[in-house]
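Quick notes on the structure that follows.
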Amino acid sequence: MAYHIKLEQFEGPLDLLLSLTEQEKLDITRVSLAKIADQYLEYIANAQDITLAHLADFLSVAARLILIKSKALLPLIQFTEEEEEEIKDLEHQLAQYKKFKEAAKNLAPLYDSPRMSFSRDGFSGLGVVFYPPANITGDDLAKVFAKILGEIPVVEKLEEEMVKEVLTLEERIVHLQNTLRERVQTSFSELVANTVDKVEIVVSFLAMLELVKQRLIHVEQGELFSEIHMKHKQ
Amino acid sequence: MEQEKMQSIIESVLFVSGEPIKKAKLAKILAEKIEEVEKALEALSVRYAQAGSGLALLQKGEEIQLVSNPENAQHVEQLVKNELQDSLSNAALEVVSIIAYRGPISKTEIEAIRGVNCSYTLRNLLLRGLIERSDNLRDARGYVYSISFDFLKKLGTDDVKKLPQYDILSVDERINSIISNE
Amino acid sequence: MEQEKMQSIIESVLFVSGEPIKKAKLAKILAEKIEEVEKALEALSVRYAQAGSGLALLQKGEEIQLVSNPENAQHVEQLVKNELQDSLSNAALEVVSIIAYRGPISKTEIEAIRGVNCSYTLRNLLLRGLIERSDNLRDARGYVYSISFDFLKKLGTDDVKKLPQYDILSVDERINSIISNE
């Protein structure tokens, strides 16, 4: 999987989500998030130039959106407690982010305005007087400097860690899609087996089509009106 | 000590130091209680708010700095070189806003709000001296970030508490709702 | 310009400058006549003579300087003693050790190594005579910093190269990777 994001356009996944909700004139609710999930996924599938540092963050939100979307399409899907918590977090996070994005907009004119204070150089006019700290030795300096050297991050190592994080997340998304497929299949067959309500069957059928569009599942039908077979998308 | 005498000494000390000073340090120099120092600082603030004053008091946590009146920036700039000219990127503005309203705050908490890795932006703000970091008392391996006096000076604001909507933005309502539910 | 506004600007300018300023220069900054400037200075003098003021105007010929109220000299001295004779902060120790092992080194490079702005720390170390600055041969706008001879003597040596493990620490590759990235 290759995800590419134009970061000069969006500050991150929340910024992208926020822009999509605003574009559709939606409030920040689960229902709205389900509506824009497709656009988000489409965007990160097509966008280019994502930096490694941000890829994990975009994927993490993508995973949560897939959950929300699936639930909206098939209400029968049961969320685990952890999944439920993740979705609640996303809603809260987005509301918080929106507030701070506005706050940043309000700070910008203050920062850019010529109005500002200046401080003065401390102890000016005193001139340089030699005030060495008591009890300092060359060994102290060597020790402090060696510690500074030890804290310098090795760049390649950081990138390795990020790649690992991204891989883990991609695995997680694949796993999520797999288990959702299973849950959808069960839900669908149960639904069809136990209901006589035509409307409900039609809704489920539409939901199934939506999942096909999402490329979560693959369906096969031998001929008109014959049995529909659903398969895991390879 | 008389209140007026105390104001006079505080003004002298802040003037000579030039840099931020802890209220506790002022109290020590004056050999007075911190409450008395705070009263004197309050009186100085009132004095600096009057027309004709060219000074202002900045307050950040437990520290105080004496600076020039922000309204006179254009005239002062004819004398000093201004290092903080560049405007901030959107990312930097977002991070510094979060730090202004929620600081001291850890990197993890900032990233939880922005939903995106902030290492690069934090480093940039630190190098520009707009934010400061200190040891995180709750996590020995990490830091917490707060805005710097230089940032207050650049904004022309004497206290973060006077930023727009501070009362609303400074609290995480989820923490509040947890507390009120209990 | 209003008298009060002029007083405010003069106070700001004198405060930030720290050094004596010619009245003619003040007049130029204010775009006012020198007589008007003198009137404003007179008013400021009266204000500083009031109880509670910690500032004073020093006039020498055509030059004006803002200074602290001489009556508070004792407290100011105490501050100076506190500030300059204290043991070094962690930040100061880090900066001085970087300068010891990597000097002469520029402010930008020190900041790249530490990841934070070092303006205040460098100024304090200069004031205490622990470091010296000279023109940067590679960048005419900037300075490079090295350890002072006095401080070396205090450490019991006459050459940085004789500091403990200098041969190993001064050429450590890890620092080169940071500095060359900037």
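Chain letters run A, B, ... following the sequence lines, proteins first, then strands; residues in each count from 1. Heavy-atom basis, side chains included; hydrogens, waters and symmetry copies ignored.
Between Leu130(C) and Pro132(A), the shortest heavy-atom contact is CD2-CA, 3.7 Å. Shortest non-hydrogen contact noted between Leu93(C) and Val144(A) is O-CG1, 3.9 Å. Nearest heavy atom pair, residue Arg123(C) against residue Arg120(A), reads NH2-O, 4.2 Å. Pairing each heavy atom of Tyr101(C) with each of Gly138(A), the nearest pair is OH-O, 4.0 Å. Scanning all heavy atoms of the two residues, the minimum distance from Leu169(C) to Ala142(A) falls at CD1-O, 3.8 Å.
The environment of Glu71(C) atom CD is sparse: at most 12 non-hydrogen atoms of other residues, nucleotides or ligands sit within 6.0 angstrom. A 6.0 Å sphere centred on NZ of Lys99(A) holds more than 12 heavy atoms belonging to other residues, nucleotides or ligands. Atom CD of Glu63(C) sits in a crowded spot, with more than 12 heavy atoms from other residues, nucleotides or ligands closer than 6.0 Å.
Between chain C and the options Thr137(A), Leu149(A), Ile136(A), heavy-atom pairs under 4.5 Å are most frequent for Leu149(A). The most heavy-atom pairs under 4.5 Å with chain C, out of Asp140(A), Asp139(A), Asp121(A), come from Asp121(A). Here Glu94(C) is the residue among Glu94(C), Gln165(C), Arg114(C) with the most heavy-atom pairs under 4.5 Å with chain A.
Between the CZ atom of Phe145(A) and the CZ atom of Arg102(C) there is a distance of 6.0 Å, given to the nearest 0.5 Å. For the atom pair CD1 (Ile148(A)) and CD1 (Ile98(C)), the distance works out to 4.0 Å, reported to the nearest 0.5 Å. Rounding to the nearest 0.5 angstrom, the gap separating the NZ atom in Lys143(A) from the OG atom in Ser97(C) is 12.5 Å. With values rounded to the nearest 0.5 angstrom, Tyr120(C) atom OH is found 4.5 Å from Ser119(A) atom OG. Distance check, rounded to the nearest 0.5 Å: OH of Tyr131(A) to CG of Asn124(C) gives 12.5 Å.
Contact of Leu88(C) with chain A is made through backbone and side chain together, with heavy-atom distances under 4.5 Å.
Of residues 150-162 of chain C, those residues lying under 4.5 Å from chain A by any heavy-atom pair are Asp150(C), Phe151(C), Lys154(C), Leu155(C).
Using a 4.5 Å cut-off on side-chain heavy atoms (C-beta onward), Arg128(C) and Pro133(A) make contact.
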